[in-house]
Amino acid sequence: MARRWIAGLVTTALLLSATPMPAHAAASDADLAYRWAPIHYQDSASSKYIADYLASVDYDGDWNTRNNWDNLDANAARLVGTVYYSVVETGTHWFIAYGYFHARDWKLLGSHENDMEGLLLTVYKDGSAYGTLQAMVTLSHDNFYSYTPAGSPFTNGRENIDATLITQPWDGEQHPTSFQETKGHGCKAWNGGGFPGGDGIVYFPSRGAGEVPSGGNDRSVAYQLVDIFGASGLWERRNDPQPYASWGAFAGDNGTDNAAHAPWAWDDFNDGSDLQPGVIATDPAYLTAMYFGNLGAFSLDYTRNTYRQ
């Protein structure tokens, strides 16, 4: 009861502190997604490394996700670097979710067909075209990890900040960095070190098409950005039994059935009953308000949020 009362006070304070941002020409969602798109470090195995390649959900030419595991070897040339994104916003912030899809989660225990893990960026609308990055939260299996870049005012909230987010230059701007392990693809911030086994793939955002890695140790591969809310895309198909077995769960019948999830079903198993599965995408302002402190001007009221339409 005490936690709920405190959370209510925090929410009220945040709403009262939110102030309108200076007017600026609106950036498109595609431009926002590209501006903040992570430089992504993907660890790869010494064999069967194609299962560590980023790909589109329909990489094999269809939306039947129950054949993605079996079709992988015959479709390696179609494993074009792809990262899914969605943008929602309040009066004070943009919240950009990025999803990394793999056709297989092939860890020793608990393997399953399809895999999507990723992250959420919180970007302050400071009056500039693309704002200022203040925080990142990643999904690694059933846990969220939180990070702040240098200069962010955010402090620990309900969850402790796990590390400082490293940024790197790309196309004239500093971009956040992320990392995924081989086989199980848990996503965290990149720690600035090398790949654990010595080989890995470094993906860079592209405004155009993505590329297929030349092998398991390719250090410069372009990835394309695909809007989750795009026509005939992941969100529009959310009730389609071809890609989904249930709400936000990709259909899969190799290993553990139906074990991979779209962002609107991502969950941390122990961060509080008020943070239900999917809130990282569907209500990211509230998740950020609970995970971090010292937020400053911060509104919980969405000016647009397609997940709630």
Side-chain angles (χ1 to χ4, degrees), residues 38-84 98-119 138-143 177-191 193-206 209-224 226 234 242-243 245 249-262 266:
I39 297 170
H40 186 60
Y41 290 79
Q42 173 63 65
D43 194 18
S44 60
S46 57
S47 63
K48 289 292 183 184
Y49 46 76
I50 62 170
D52 292 319
Y53 288 4
L54 297 181
S56 62
V57 174
D58 59 337
Y59 79 93
D60 56 354
D62 63 51
W63 284 93
N64 175 14
T65 55
R66 293 177 179 85
N67 62 22
N68 278 347
W69 181 293
D70 294 331
N71 286 347
L72 182 62
D73 292 330
N75 288 270
R78 293 186 175 187
L79 298 173
V80 174
T82 302
V83 173
Y84 292 92
Y98 295 90
Y100 303 129
F101 181 80
H102 300 81
R104 293 179 189 172
D105 175 316
W106 55 302
K107 57 185 179 288
L108 182 62
L109 298 176
S111 66
H112 53 83
E113 189 165 21
N114 307 305
D115 196 16
M116 182 175 277
E117 304 191 30
L119 57 92
T138 72
L139 169 68
S140 181
H141 309 304
D142 295 317
N143 289 280
T177 57
S178 56
F179 173 88
Q180 279 184 287
E181 64 188 6
T182 184
K183 300 184 179 182
H185 308 133
C187 183
K188 296 182 179 180
W190 180 55
N191 66 8
F195 289 107
D199 50 356
I201 303 162
V202 184
Y203 285 96
F204 294 88
S206 169
E211 298 173 328
V212 179
S214 61
N217 194 33
D218 192 336
R219 302 305 174 94
S220 183
V221 182
Y223 69 76
Q224 63 184 343
V226 176
L234 292 181
Q242 280 280 300
F250 290 108
D253 54 13
N254 292 83
T256 304
D257 288 350
N258 314 324
H261 295 91
W266 288 349

Is there a donor-acceptor pair closer than 3.5 Å between any side-chain N or O of W266 and the backbone N or O of M116? yes
So does A45 get a backbone contact from the side chain of T182, meaning a donor-acceptor N/O pair under 3.5 Å? yes
Tightest non-hydrogen contact, residues Y203 and A222, listed as CD2-O, 4.4 Å
Quick one: does any side-chain atom of R78 pair with a main-chain N or O of D60 as donor and acceptor, under 3.5 Å? yes
No-hydrogen, no-angle side-chain donor-acceptor test under 3.5 Å, S206 and Q224: no
CG of D70 to CZ of R104: how many Å apart, nearest 0.5 Å? 7.5 Å
For a quick test of reading the model, state the closest non-hydrogen atom pair linking I50 to A76 and the distance between them. CD1-CB, 4.1 Å
Under the 3.5 angstrom rule, does the side chain of T138 hit a backbone N or O of C187 as a donor-acceptor pair? yes
Value for CH2 (W190) from OH (Y41), rounded to nearest 0.5 Å, stands at 3.5 Å
Is there side-chain contact between L54 and T82, with heavy atoms separated by less than 4.5 Å? no
Beyond-backbone contact of P205 with Y98, side-chain heavy atoms, under 4.5 angstrom: no
Taking every non-hydrogen atom, the tightest pair across A51 and W106: CB-NE1, 3.4 Å
Do D253 and W69 have side chains that approach each other closer than 4.5 Å (heavy atoms only, starting at C-beta)? no
How long is the span from the CD atom in Q42 to the CG atom in D218, to the nearest 0.5 Å? 12.5 Å
Of all heavy-atom pairs linking S178 and P38, the shortest is OG-CB, 3.7 Å
Heavy-atom neighbours of Y49 OH exceed 12 at 6.0 Å: no
Quick check: do S44 and Y53 have side-chain heavy atoms less than 4.5 Å from each other? no
Is a donor from one side chain sitting under 3.5 angstrom from an acceptor on the other, for N114 and N68? yes
Are V57 and W63 side-chain neighbours, meaning at least one heavy-atom pair lies under 4.5 Å? yes
Is it the case that over 12 heavy atoms from other parts of the model lie below 6.0 angstrom from the NZ atom of K48? no
Would you check if the side chain of H141 reaches a backbone N or O of L139 as a donor-acceptor pair within less than 3.5 Å? no
May I ask you to test the H102-Q180 pair for a side-chain heavy-atom distance under 4.5 Å? yes
Heavy-atom check, side chain of N191 versus side chain of F179, under 4.5 Å: no
So, for H40 and Y100, is the gap between ring centers shorter than 6.0 Å? yes
Taking all non-hydrogen atoms of both residues into account, name the closest pair between V202 and I39 and its distance. CG1-CG2, 4.0 Å
Heavy-atom closest pair, residues R219 and G200: NE-O, 3.3 Å
Spell out, as yes or no, whether a donor-acceptor pair under 3.5 Å connects the side chain of E211 to the backbone of V221. no
Between the CG atom in D105 and the CD atom in E117, the distance rounded to the nearest 0.5 Å is 7.0 Å
Measure the CG-CD distance between D43 and E181 for me, rounded to the nearest 0.5 Å. 8.5 Å
Is it true that a side-chain atom of T65 and a backbone atom of P243 form a donor plus acceptor pair closer than 3.5 Å? yes
Is there a donor-acceptor pair closer than 3.5 Å between any side-chain N or O of N258 and the backbone N or O of G252? yes
To the nearest 0.5 Å, how far apart are CG in L109 and NZ in K183? 11.0 Å
Side chains of D52 and H185: donor-acceptor distance under 3.5 Å anywhere? yes
Centroid-centroid distance, F250 to F101, less than 6.0 Å: yes
